[in-house]
*Asks:* 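Below you'll find the structure I mean.
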Amino acid sequence: TLHFTGQVPFRHVYVHALVRDSEGQKMSKSKGNTLDPIDLIDGIDLDALVRKRTSGLMNPKQAAQIEKKTRAEFPQGITAFGTDALRFTFASLATPGRNINFDLSRCEGYRNFCNKLWNATRFVLMNCQKEDGSPQDCGLEACGSQPTGDNGCGPGGYLHFSQPDRWIVSLLQKTEAEMDRHLREYRFDLAAQAAYAFVWDQFCDWYVEFAKPVFAGADEVAKAETRATAAWTMEQILRMLQPFMPFVTAELFKDFGAQKFGTLMTCAWPDIQAPQGGQDVGLIIKLISAIRTVRSELNVPGSASIVLLVKDATPHQQKALHDYASFIQRLARVASIEFVAASVGQSAQDVVDGMTLMLPLADVIDLAAERTRLKKEEEKCKAEIDKINVKLSNSDFVAKAPPEVIDDH
(Lines give C-alpha, C1' and ligand atoms only; values in the text may rest on other atoms or scores of the structure.)
Protein backbone atom coordinates (compact mmCIF):
# COMPACT_ATOMS: atom_id res chain seq x y z
CA THR A 1 0.00 0.00 0.00
CA LEU A 2 2.83 2.40 0.77
CA HIS A 3 4.46 1.56 -2.57
CA PHE A 4 1.35 2.02 -4.73
CA THR A 5 -0.55 4.75 -2.88
CA GLY A 6 1.83 6.29 -0.40
CA GLN A 7 -0.78 5.72 2.30
CA VAL A 8 -0.56 3.74 5.53
CA PRO A 9 -3.04 0.83 5.13
CA PHE A 10 -4.35 0.79 8.70
CA ARG A 11 -4.05 3.42 11.40
CA HIS A 12 -5.85 1.38 14.05
CA VAL A 13 -5.14 -2.32 14.54
CA TYR A 14 -6.93 -4.30 17.26
CA VAL A 15 -5.02 -7.36 18.47
CA HIS A 16 -7.18 -9.71 20.54
CA ALA A 17 -6.04 -12.29 23.04
CA LEU A 18 -5.28 -15.88 22.06
CA VAL A 19 -8.38 -18.07 22.30
CA ARG A 20 -7.59 -21.39 23.99
CA ASP A 21 -9.78 -24.37 24.84
CA SER A 22 -11.59 -24.74 28.18
CA GLU A 23 -8.50 -26.35 29.74
CA GLY A 24 -6.22 -23.52 28.66
CA GLN A 25 -4.57 -25.54 25.86
CA LYS A 26 -3.77 -23.85 22.59
CA MET A 27 -6.21 -24.98 19.91
CA SER A 28 -4.61 -27.00 17.15
CA LYS A 29 -5.64 -29.56 14.56
CA SER A 30 -3.11 -32.08 15.85
CA LYS A 31 -4.63 -31.95 19.34
CA GLY A 32 -8.15 -32.27 17.99
CA ASN A 33 -9.39 -29.49 20.27
CA THR A 34 -10.38 -26.86 17.74
CA LEU A 35 -13.90 -25.44 17.58
CA ASP A 36 -15.43 -24.36 14.29
CA PRO A 37 -17.48 -21.15 14.80
CA ILE A 38 -20.05 -22.48 12.34
CA ASP A 39 -20.60 -25.47 14.63
CA LEU A 40 -21.23 -23.10 17.54
CA ILE A 41 -23.67 -21.08 15.45
CA ASP A 42 -25.62 -23.91 13.80
CA GLY A 43 -24.87 -26.79 16.18
CA ILE A 44 -23.43 -30.19 15.32
CA ASP A 45 -24.19 -33.74 16.48
CA LEU A 46 -21.59 -35.83 18.28
CA ASP A 47 -20.72 -38.22 15.46
CA ALA A 48 -20.22 -35.39 12.97
CA LEU A 49 -18.06 -33.54 15.48
CA VAL A 50 -15.91 -36.63 16.03
CA ARG A 51 -15.44 -37.09 12.27
CA LYS A 52 -14.44 -33.47 11.87
CA ARG A 53 -11.93 -33.57 14.71
CA THR A 54 -10.30 -36.86 13.70
CA SER A 55 -9.95 -36.30 9.96
CA GLY A 56 -6.79 -34.96 8.37
CA LEU A 57 -4.64 -35.41 11.46
CA MET A 58 -0.88 -35.04 11.13
CA ASN A 59 -0.61 -38.10 13.37
CA PRO A 60 -3.52 -40.51 12.64
CA LYS A 61 -2.57 -42.59 15.67
CA GLN A 62 -4.06 -39.84 17.87
CA ALA A 63 -7.54 -40.32 16.38
CA ALA A 64 -8.73 -42.78 19.05
CA GLN A 65 -7.56 -40.56 21.89
CA ILE A 66 -9.14 -37.45 20.34
CA GLU A 67 -12.43 -39.29 19.76
CA LYS A 68 -12.52 -40.47 23.38
CA LYS A 69 -11.88 -36.96 24.69
CA THR A 70 -14.41 -35.40 22.34
CA ARG A 71 -17.15 -37.83 23.35
CA ALA A 72 -16.42 -37.14 27.01
CA GLU A 73 -16.41 -33.35 26.57
CA PHE A 74 -19.41 -33.12 24.22
CA PRO A 75 -21.63 -36.15 24.96
CA GLN A 76 -24.58 -34.51 23.21
CA GLY A 77 -22.58 -32.76 20.51
CA ILE A 78 -22.76 -28.96 20.38
CA THR A 79 -26.11 -27.22 20.57
CA ALA A 80 -26.88 -24.26 18.28
CA PHE A 81 -26.16 -20.93 19.97
CA GLY A 82 -26.74 -18.60 17.04
CA THR A 83 -24.53 -15.91 15.53
CA ASP A 84 -25.44 -13.10 17.90
CA ALA A 85 -24.82 -15.12 21.05
CA LEU A 86 -21.38 -16.09 19.73
CA ARG A 87 -20.54 -12.50 18.76
CA PHE A 88 -21.59 -11.20 22.17
CA THR A 89 -19.60 -13.95 23.88
CA PHE A 90 -16.36 -12.95 22.18
CA ALA A 91 -17.03 -9.26 22.74
CA SER A 92 -17.50 -9.90 26.46
CA LEU A 93 -14.27 -11.96 26.55
CA ALA A 94 -12.19 -9.34 24.71
CA THR A 95 -10.19 -8.29 27.76
CA PRO A 96 -6.75 -7.07 26.67
CA GLY A 97 -3.52 -8.65 27.79
CA ARG A 98 -4.60 -12.18 28.63
CA ASN A 99 -5.48 -15.49 27.01
CA ILE A 100 -9.09 -16.55 26.71
CA ASN A 101 -10.09 -20.01 27.94
CA PHE A 102 -13.19 -20.57 25.85
CA ASP A 103 -16.11 -22.16 27.67
CA LEU A 104 -19.37 -23.12 25.97
CA SER A 105 -21.31 -22.12 29.08
CA ARG A 106 -20.58 -18.48 28.23
CA CYS A 107 -22.28 -18.95 24.85
CA GLU A 108 -25.24 -20.51 26.62
CA GLY A 109 -25.50 -17.54 28.96
CA TYR A 110 -25.52 -15.03 26.12
CA ARG A 111 -28.00 -17.11 24.14
CA ASN A 112 -30.25 -16.68 27.17
CA PHE A 113 -29.56 -12.96 26.93
CA CYS A 114 -30.78 -12.98 23.32
CA ASN A 115 -33.95 -14.73 24.48
CA LYS A 116 -34.34 -12.20 27.29
CA LEU A 117 -34.09 -9.33 24.81
CA TRP A 118 -36.62 -10.99 22.52
CA ASN A 119 -39.12 -11.53 25.34
CA ALA A 120 -38.67 -7.99 26.67
CA THR A 121 -39.34 -6.58 23.20
CA ARG A 122 -42.47 -8.68 22.84
CA PHE A 123 -43.66 -7.49 26.24
CA VAL A 124 -43.25 -3.86 25.19
CA LEU A 125 -44.93 -4.46 21.84
CA MET A 126 -47.80 -6.30 23.50
CA ASN A 127 -48.53 -3.24 25.62
CA CYS A 128 -47.68 -0.58 23.03
CA GLN A 129 -49.68 -1.82 20.05
CA LYS A 130 -53.35 -2.22 19.38
CA GLU A 131 -54.78 -5.61 18.46
CA ASP A 132 -54.42 -4.80 14.74
CA GLY A 133 -50.69 -4.07 15.21
CA SER A 134 -50.98 -0.29 14.89
CA PRO A 135 -49.30 1.88 17.55
CA GLN A 136 -51.20 3.05 20.58
CA ASP A 137 -51.41 6.75 21.32
CA CYS A 138 -48.06 7.89 22.73
CA GLY A 139 -46.63 4.56 21.65
CA LEU A 140 -44.12 3.31 19.11
CA GLU A 141 -44.69 5.78 16.29
CA ALA A 142 -44.48 8.84 18.52
CA CYS A 143 -41.49 7.62 20.50
CA GLY A 144 -39.29 6.07 17.85
CA SER A 145 -36.84 8.95 18.22
CA GLN A 146 -35.72 11.28 20.97
CA PRO A 147 -38.89 12.97 22.33
CA THR A 148 -38.96 16.74 22.16
CA GLY A 149 -40.73 17.25 25.46
CA ASP A 150 -43.31 19.69 24.11
CA ASN A 151 -45.95 17.20 23.02
CA GLY A 152 -46.53 15.28 26.23
CA CYS A 153 -44.97 12.18 24.72
CA GLY A 154 -41.81 10.32 25.64
CA PRO A 155 -39.30 10.90 28.41
CA GLY A 156 -38.77 14.45 27.13
CA GLY A 157 -42.14 15.36 28.66
CA TYR A 158 -40.73 14.50 32.06
CA LEU A 159 -42.80 16.82 34.22
CA HIS A 160 -45.67 14.34 34.14
CA PHE A 161 -43.69 11.12 34.12
CA SER A 162 -43.40 8.69 37.00
CA GLN A 163 -40.25 8.10 39.02
CA PRO A 164 -39.64 4.66 37.43
CA ASP A 165 -39.95 6.20 33.94
CA ARG A 166 -37.46 8.95 34.72
CA TRP A 167 -35.19 6.45 36.51
CA ILE A 168 -34.88 4.07 33.55
CA VAL A 169 -34.26 6.92 31.09
CA SER A 170 -31.58 8.36 33.37
CA LEU A 171 -29.85 4.96 33.57
CA LEU A 172 -30.14 4.57 29.81
CA GLN A 173 -28.35 7.88 29.34
CA LYS A 174 -25.53 6.84 31.66
CA THR A 175 -25.21 3.44 29.98
CA GLU A 176 -25.03 4.96 26.49
CA ALA A 177 -22.31 7.37 27.60
CA GLU A 178 -20.39 4.53 29.26
CA MET A 179 -20.62 2.31 26.17
CA ASP A 180 -19.59 5.17 23.92
CA ARG A 181 -16.45 5.75 26.01
CA HIS A 182 -15.53 2.05 26.08
CA LEU A 183 -15.98 1.62 22.33
CA ARG A 184 -13.73 4.60 21.61
CA GLU A 185 -11.09 2.91 23.79
CA TYR A 186 -11.60 -0.49 22.11
CA ARG A 187 -12.79 -2.01 25.38
CA PHE A 188 -15.43 -4.17 23.75
CA ASP A 189 -15.65 -6.29 26.88
CA LEU A 190 -16.62 -3.36 29.11
CA ALA A 191 -19.08 -2.03 26.52
CA ALA A 192 -20.76 -5.44 26.30
CA GLN A 193 -20.89 -5.74 30.09
CA ALA A 194 -22.48 -2.29 30.43
CA ALA A 195 -25.16 -3.15 27.87
CA TYR A 196 -25.82 -6.53 29.47
CA ALA A 197 -26.15 -5.06 32.97
CA PHE A 198 -28.57 -2.36 31.85
CA VAL A 199 -30.82 -4.60 29.73
CA TRP A 200 -30.98 -7.58 32.07
CA ASP A 201 -30.53 -6.13 35.56
CA GLN A 202 -32.26 -2.77 35.20
CA PHE A 203 -34.72 -2.84 32.32
CA CYS A 204 -35.90 -6.48 32.37
CA ASP A 205 -35.60 -7.30 36.06
CA TRP A 206 -36.91 -4.01 37.46
CA TYR A 207 -38.48 -1.59 35.02
CA VAL A 208 -40.67 -4.25 33.45
CA GLU A 209 -41.87 -5.22 36.94
CA PHE A 210 -42.67 -1.58 37.71
CA ALA A 211 -44.53 -1.28 34.40
CA LYS A 212 -46.73 -4.37 34.75
CA PRO A 213 -49.17 -2.98 37.37
CA VAL A 214 -49.39 0.28 35.42
CA PHE A 215 -50.37 -1.52 32.24
CA ALA A 216 -52.88 -3.59 34.22
CA GLY A 217 -54.34 -0.53 35.95
CA ALA A 218 -57.09 1.89 34.99
CA ASP A 219 -55.06 5.14 34.87
CA GLU A 220 -54.90 5.87 31.15
CA VAL A 221 -52.53 8.83 31.56
CA ALA A 222 -50.06 6.69 33.51
CA LYS A 223 -50.40 3.96 30.88
CA ALA A 224 -49.57 6.41 28.09
CA GLU A 225 -46.51 7.69 29.93
CA THR A 226 -45.18 4.22 30.73
CA ARG A 227 -46.02 2.98 27.23
CA ALA A 228 -44.06 5.86 25.70
CA THR A 229 -41.07 5.35 27.99
CA ALA A 230 -40.96 1.58 27.52
CA ALA A 231 -41.20 1.80 23.73
CA TRP A 232 -38.65 4.59 23.41
CA THR A 233 -36.18 2.87 25.78
CA MET A 234 -36.55 -0.43 23.94
CA GLU A 235 -35.81 1.22 20.62
CA GLN A 236 -32.69 2.85 22.07
CA ILE A 237 -31.58 -0.52 23.48
CA LEU A 238 -31.78 -2.07 20.02
CA ARG A 239 -29.58 0.70 18.64
CA MET A 240 -26.97 0.18 21.35
CA LEU A 241 -26.87 -3.59 20.89
CA GLN A 242 -26.77 -3.56 17.09
CA PRO A 243 -22.95 -3.68 16.78
CA PHE A 244 -22.87 -6.74 19.04
CA MET A 245 -26.06 -8.51 17.98
CA PRO A 246 -26.95 -7.36 14.46
CA PHE A 247 -29.37 -10.12 13.48
CA VAL A 248 -31.68 -10.28 16.51
CA THR A 249 -31.80 -6.51 16.85
CA ALA A 250 -32.53 -6.01 13.14
CA GLU A 251 -35.43 -8.44 13.33
CA LEU A 252 -36.87 -6.77 16.41
CA PHE A 253 -36.34 -3.28 14.99
CA LYS A 254 -38.86 -4.02 12.26
CA ASP A 255 -41.51 -3.26 14.87
CA PHE A 256 -39.66 -0.26 16.32
CA GLY A 257 -39.46 2.51 13.77
CA ALA A 258 -38.07 0.58 10.79
CA GLN A 259 -40.74 2.13 8.60
CA LYS A 260 -39.70 5.60 9.74
CA PHE A 261 -35.92 5.18 10.11
CA GLY A 262 -35.08 2.39 7.66
CA THR A 263 -32.71 -0.41 8.59
CA LEU A 264 -31.20 -0.46 12.05
CA MET A 265 -27.58 -0.45 10.85
CA THR A 266 -28.11 2.94 9.17
CA CYS A 267 -29.57 4.54 12.31
CA ALA A 268 -27.47 6.95 14.30
CA TRP A 269 -25.84 5.86 17.53
CA PRO A 270 -28.11 6.95 20.43
CA ASP A 271 -27.73 10.62 21.33
CA ILE A 272 -29.72 10.84 24.51
CA GLN A 273 -30.60 14.15 26.10
CA ALA A 274 -32.79 13.02 28.96
CA PRO A 275 -33.56 14.43 32.41
CA GLN A 276 -31.98 13.05 35.53
CA GLY A 277 -34.47 11.64 38.00
CA GLY A 278 -35.95 8.66 39.73
CA GLN A 279 -33.44 8.60 42.59
CA ASP A 280 -36.02 7.10 44.93
CA VAL A 281 -36.35 4.06 42.66
CA GLY A 282 -32.80 3.04 43.56
CA LEU A 283 -33.73 3.09 47.25
CA ILE A 284 -36.84 0.98 46.62
CA ILE A 285 -34.84 -1.57 44.61
CA LYS A 286 -32.26 -1.91 47.39
CA LEU A 287 -35.04 -2.34 49.94
CA ILE A 288 -36.87 -5.01 47.92
CA SER A 289 -33.57 -6.83 47.22
CA ALA A 290 -32.72 -6.83 50.94
CA ILE A 291 -36.11 -8.31 51.86
CA ARG A 292 -35.80 -10.96 49.15
CA THR A 293 -32.34 -11.90 50.44
CA VAL A 294 -33.62 -12.30 53.99
CA ARG A 295 -36.52 -14.42 52.81
CA SER A 296 -34.18 -16.63 50.79
CA GLU A 297 -31.53 -17.05 53.50
CA LEU A 298 -34.08 -17.86 56.20
CA ASN A 299 -36.18 -20.14 53.99
CA VAL A 300 -39.34 -18.08 54.37
CA PRO A 301 -42.12 -19.78 52.37
CA GLY A 302 -42.87 -18.00 49.13
CA SER A 303 -46.57 -17.87 49.96
CA ALA A 304 -45.97 -16.16 53.30
CA SER A 305 -46.92 -12.49 53.33
CA ILE A 306 -45.15 -10.74 56.20
CA VAL A 307 -45.19 -7.30 57.82
CA LEU A 308 -42.29 -4.91 57.14
CA LEU A 309 -41.30 -2.75 60.11
CA VAL A 310 -39.02 0.22 59.37
CA LYS A 311 -36.99 2.13 61.96
CA ASP A 312 -34.90 5.31 61.59
CA ALA A 313 -36.37 6.29 58.22
CA THR A 314 -36.08 9.98 57.32
CA PRO A 315 -39.22 11.90 56.32
CA HIS A 316 -38.13 11.68 52.68
CA GLN A 317 -37.59 7.92 52.95
CA GLN A 318 -40.96 7.48 54.63
CA LYS A 319 -42.62 9.33 51.76
CA ALA A 320 -40.77 7.20 49.19
CA LEU A 321 -41.86 3.97 50.91
CA HIS A 322 -45.41 5.28 51.10
CA ASP A 323 -45.42 6.23 47.40
CA TYR A 324 -44.05 2.83 46.37
CA ALA A 325 -45.95 0.75 48.92
CA SER A 326 -47.87 -1.19 46.28
CA PHE A 327 -44.65 -2.11 44.43
CA ILE A 328 -42.92 -3.18 47.65
CA GLN A 329 -45.87 -5.28 48.75
CA ARG A 330 -46.10 -7.04 45.39
CA LEU A 331 -42.41 -7.56 44.61
CA ALA A 332 -41.23 -8.35 48.16
CA ARG A 333 -44.43 -10.13 49.23
CA VAL A 334 -45.01 -7.78 52.12
CA ALA A 335 -48.47 -7.50 53.65
CA SER A 336 -48.00 -3.98 55.02
CA ILE A 337 -45.35 -1.38 55.91
CA GLU A 338 -45.19 0.17 59.36
CA PHE A 339 -42.80 2.77 60.78
CA VAL A 340 -41.64 2.11 64.36
CA ALA A 341 -39.43 3.86 66.89
CA ALA A 342 -37.79 0.81 68.51
CA SER A 343 -36.45 -2.58 67.48
CA VAL A 344 -38.77 -5.57 67.61
CA GLY A 345 -37.67 -8.92 69.00
CA GLN A 346 -37.69 -12.20 67.06
CA SER A 347 -37.35 -10.43 63.74
CA ALA A 348 -34.83 -10.64 60.92
CA GLN A 349 -33.08 -7.33 60.41
CA ASP A 350 -31.12 -5.56 57.71
CA VAL A 351 -29.97 -1.97 57.15
CA VAL A 352 -30.59 -0.08 53.91
CA ASP A 353 -29.44 3.54 53.56
CA GLY A 354 -29.63 4.09 57.32
CA MET A 355 -33.05 2.48 57.70
CA THR A 356 -33.38 -0.65 59.83
CA LEU A 357 -35.69 -3.17 58.18
CA MET A 358 -37.33 -5.70 60.48
CA LEU A 359 -39.34 -8.74 59.45
CA PRO A 360 -41.14 -10.51 62.34
CA LEU A 361 -40.81 -14.20 61.50
CA ALA A 362 -41.72 -15.99 64.74
CA ASP A 363 -45.02 -17.18 63.28
CA VAL A 364 -43.64 -17.84 59.81
CA ILE A 365 -40.55 -20.06 60.24
CA ASP A 366 -39.37 -22.63 62.76
CA LEU A 367 -36.98 -20.54 64.84
CA ALA A 368 -35.48 -23.54 66.63
CA ALA A 369 -34.70 -25.27 63.35
CA GLU A 370 -33.24 -22.06 61.97
CA ARG A 371 -30.99 -21.65 65.04
CA THR A 372 -29.78 -25.22 64.54
CA ARG A 373 -29.03 -24.54 60.87
CA LEU A 374 -27.13 -21.35 61.66
CA LYS A 375 -25.19 -23.11 64.41
CA LYS A 376 -24.07 -25.79 61.95
CA GLU A 377 -23.09 -23.10 59.46
CA GLU A 378 -21.09 -21.32 62.15
CA GLU A 379 -19.26 -24.52 63.09
CA LYS A 380 -18.51 -25.20 59.44
CA CYS A 381 -17.02 -21.73 59.01
CA LYS A 382 -14.93 -22.10 62.18
CA ALA A 383 -13.59 -25.44 60.95
CA GLU A 384 -12.61 -23.88 57.65
CA ILE A 385 -10.88 -20.99 59.45
CA ASP A 386 -8.95 -23.43 61.65
CA LYS A 387 -7.89 -25.38 58.57
CA ILE A 388 -6.59 -22.22 56.89
CA ASN A 389 -4.78 -21.10 60.04
CA VAL A 390 -3.00 -24.47 60.24
CA LYS A 391 -1.78 -24.04 56.67
CA LEU A 392 -0.61 -20.49 57.23
CA SER A 393 1.23 -21.48 60.41
CA ASN A 394 3.20 -24.05 58.41
CA SER A 395 6.41 -22.31 57.32
CA ASP A 396 7.00 -24.83 54.52
CA PHE A 397 3.58 -24.12 53.02
CA VAL A 398 4.07 -20.34 53.23
CA ALA A 399 7.52 -20.61 51.65
CA LYS A 400 6.48 -22.86 48.72
CA ALA A 401 2.94 -21.70 47.95
CA PRO A 402 2.49 -19.10 45.15
CA PRO A 403 1.73 -15.55 46.39
CA GLU A 404 -1.81 -15.63 44.95
CA VAL A 405 -2.60 -18.78 46.98
CA ILE A 406 -1.41 -17.06 50.17
CA ASP A 407 -3.54 -14.01 49.34
CA ASP A 408 -6.60 -16.20 48.76
CA HIS A 409 -6.13 -17.74 52.20
Side-chain angles (χ1 to χ4, degrees), residues 84-85 87-95 109-110 112-121 123-124 128 140 143-147 149 154-156 158 161-211 225-226 228-246 248-250 252-253 256-257 261 264-265 267-286 289:
D84 286 341
R87 284 174 62 101
F88 204 93
T89 298
F90 277 109
S92 68
L93 292 174
T95 300
Y110 291 121
N112 294 340
F113 179 59
C114 292
N115 292 337
K116 192 83 167 180
L117 179 68
W118 188 278
N119 292 335
T121 306
F123 170 81
V124 174
C128 294
L140 299 178
C143 301
S145 60
Q146 172 67 35
Y158 61 90
F161 277 70
S162 70
Q163 285 273 347
D165 292 333
R166 297 167 65 182
W167 168 77
I168 198 64
V169 171
S170 176
L171 285 181
L172 176 64
Q173 180 183 21
K174 294 176 182 177
T175 302
E176 189 276 331
E178 184 180 353
M179 289 184 66
D180 191 60
R181 182 178 72 256
H182 292 321
L183 289 174
R184 287 200 306 270
E185 297 172 352
Y186 297 95
R187 289 304 304 269
F188 305 119
D189 56 330
L190 298 181
Q193 291 166 21
Y196 181 95
F198 174 77
V199 174
W200 192 299
D201 298 337
Q202 309 299 337
F203 185 79
C204 294
D205 280 1
W206 288 107
Y207 182 73
V208 167
E209 292 303 317
F210 284 124
E225 293 168 350
T226 301
T229 304
W232 179 79
T233 302
M234 195 72 245
E235 190 263 337
Q236 297 297 307
I237 287 173
L238 295 179
R239 292 191 188 209
M240 290 195 304
L241 287 176
Q242 195 276 337
F244 301 97
M245 304 164 60
V248 171
T249 53
L252 295 173
F253 191 70
F256 279 91
F261 299 105
L264 181 57
M265 70 169 59
C267 288
W269 181 254
D271 182 18
I272 302 171
Q273 301 295 327
Q276 298 291 326
Q279 290 84 357
D280 289 342
V281 177
L283 170 67
I284 300 305
I285 288 176
K286 286 193 285 187
S289 298

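One-based numbering along the sequence shown. What's counted below: heavy atoms across the whole structure, side chains too, no hydrogens, waters or symmetry copies. On a predicted model such as this, the values are computed, not experimentally measured, just so you know.
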*Asks:* For F88 and F244, which heavy atoms make the closest approach, and how far apart are they?
*Replies:*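 Closest pair (atom of F88, atom of F244, distance): CD1-CB, 3.6 Å.
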*Asks:* Quick check: do C114 and M245 have side-chain heavy atoms less than 4.5 Å from each other?
*Replies:*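 Counting from C-beta outward, C114 and M245 do come under 4.5 Å.
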*Asks:* Of the non-hydrogen atoms in L241 and A195, which two are nearest, and what is the gap between them?
*Replies:*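 L241 and A195 have their closest heavy atoms at CD2-CB, 3.7 Å.
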*Asks:* Assess, by modelled atom type and distance only, whether the side chains of W167 and Q202 contain a donor and an acceptor separated by less than 3.5 Å.
*Replies:*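 W167 vs Q202: no donor-acceptor pair found between side chains.
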*Asks:* Start with the C-alpha distance between D165 and V169, add both sets of side-chain angles, then the distance that settles side chain to side chain contact (heavy atoms under 4.5 Å, CB included), and finish with yes or no.
*Replies:* CA-CA 6 Å; D165 292 333; V169 171; 5.8 Å; no
*Asks:* Using side-chain heavy atoms (C-beta onward) and a distance below 4.5 Å, is Y207 in contact with T226?
*Replies:*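 They are in side-chain contact.
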*Asks:* So, the side chain of D84 versus the backbone of V248: is there a donor-acceptor pair under 3.5 Å, distance only?
*Replies:*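 Yes: the side chain of D84 pairs with the backbone of V248.
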*Asks:* Any heavy-atom pair between the side chains of I285 and F210 that's under 4.5 Å?
*Replies:*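 A side-chain contact under 4.5 Å exists here.
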*Asks:* To the nearest 0.5 Å, what is the distance between SG on C204 and CZ on F123?
*Replies:*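 With rounding to 0.5 Å, SG (C204) is 10.0 Å from CZ (F123).
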*Asks:* Sequence neighbours left out, what passes side-chain contact (heavy atoms from CB on, under 4.5 Å) with N119? Give chain and number order.
*Replies:*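 Expected list: none.
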*Asks:* With a 4.5 Å limit on heavy-atom distance, are the side chains of L117 and T249 in contact?
*Replies:*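 Side-chain contact under 4.5 Å: yes.
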*Asks:* Could you report the tightest heavy-atom contact between A120 and F203, atom names first, then the distance?
*Replies:*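 Looking at all heavy atoms of both residues, the closest pair is CB-CE2, 4.3 Å.
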*Asks:* Inspect the contact between R166 and D280 and indicate whether a charged nitrogen and a carboxylate oxygen are less than 4.0 angstrom apart.
*Replies:*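 Judged by the 4.0 Å cut-off on N to carboxylate O distance, D280 and R166 do not form a salt bridge.
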*Asks:* Between the side chains of D189 and T95, does any donor sit under 3.5 Å from an acceptor?
*Replies:*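 Yes, because at least one side-chain N or O of D189 sits under 3.5 Å from a partner of the opposite role on T95.
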*Asks:* Under 6.0 Å between ring centres, would you say that holds for Y110 and Y196?
*Replies:*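 Close enough - the centres of the two rings lie under 6.0 Å apart.
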*Asks:* Is the closest basic N to carboxylate O distance between E178 and K174 below 4.0 Å?
*Replies:*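 So E178 does not pair with K174 through a salt bridge.
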*Asks:* Which pairs, with at least one residue in residues 191-200 and sequence neighbours excluded, count as a salt bridge (charged side-chain N to carboxylate O under 4.0 Å, His left out)?
*Replies:*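 Output for this query is empty, none listed.
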*Asks:* Which residues pass the salt bridge (charged side-chain N to carboxylate O under 4.0 Å, His left out) test with E209, sequence neighbours left out?
*Replies:*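 Salt bridge (charged side-chain N to carboxylate O under 4.0 Å, His left out) list for E209, sorted by chain: K212, R330.
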*Asks:* Are the side chain of R87 and the backbone of P243 linked by a donor-acceptor contact shorter than 3.5 Å?
*Replies:*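 Between the backbone of P243 and the side chain of R87 there is a qualifying donor-acceptor contact (under 3.5 Å).
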*Asks:* Indicate yes or no: at least one non-hydrogen side-chain atom of L190 is less than 4.5 angstrom from one of Q193.
*Replies:*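 In short, these two side chains touch, coming nearer than 4.5 Å.
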*Asks:* What distance separates T121 OG1 from M234 CE, expressed to the nearest 0.5 Å?
*Replies:*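 Rounded to the nearest 0.5 Å, the OG1-CE separation comes to 3.5 Å.
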*Asks:* Judged by atom type as modelled, is there a donor-acceptor pair below 3.5 Å linking the side chain of T229 to the main-chain atoms of E225?
*Replies:*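 Judged by distance alone, yes, a pair lies under 3.5 Å.
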*Asks:* Before giving the answer on side chain to side chain contact (heavy atoms under 4.5 Å, CB included), spell out for F253 and C267 the whole-Å C-alpha distance, their side-chain angles and the decisive distance to 0.1 Å.
*Replies:* CA-CA 11 Å; F253 191 70; C267 288; 3.7 Å; yes
*Asks:* Going by heavy atoms in the side chains, are E176 and M240 under 4.5 Å from each other?
*Replies:*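 A side-chain contact under 4.5 Å exists here.
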*Asks:* Report the distance from atom CG of L252 to atom CH2 of W118, rounding to the nearest 0.5 Å.
*Replies:*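 That separation rounds to 5.0 Å.
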*Asks:* Would you check if the side chain of R239 reaches a backbone N or O of A268 as a donor-acceptor pair within less than 3.5 Å?
*Replies:*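 Judged by distance alone, yes, a pair lies under 3.5 Å.
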*Asks:* Could you check if a side-chain atom of I168 sits within less than 4.5 angstrom of a side-chain atom of V281, using non-hydrogen atoms only?
*Replies:*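 With C-beta onward as the side chain, the pair stays apart.
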*Asks:* If we only count heavy atoms from C-beta on, is the D201 to W206 side-chain gap below 4.5 Å?
*Replies:*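 With C-beta onward as the side chain, the pair stays apart.
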*Asks:* Report the distance from atom CG of L264 to atom CD of Q242, rounding to the nearest 0.5 Å.
*Replies:*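 Output value for this atom pair is 4.5 Å.
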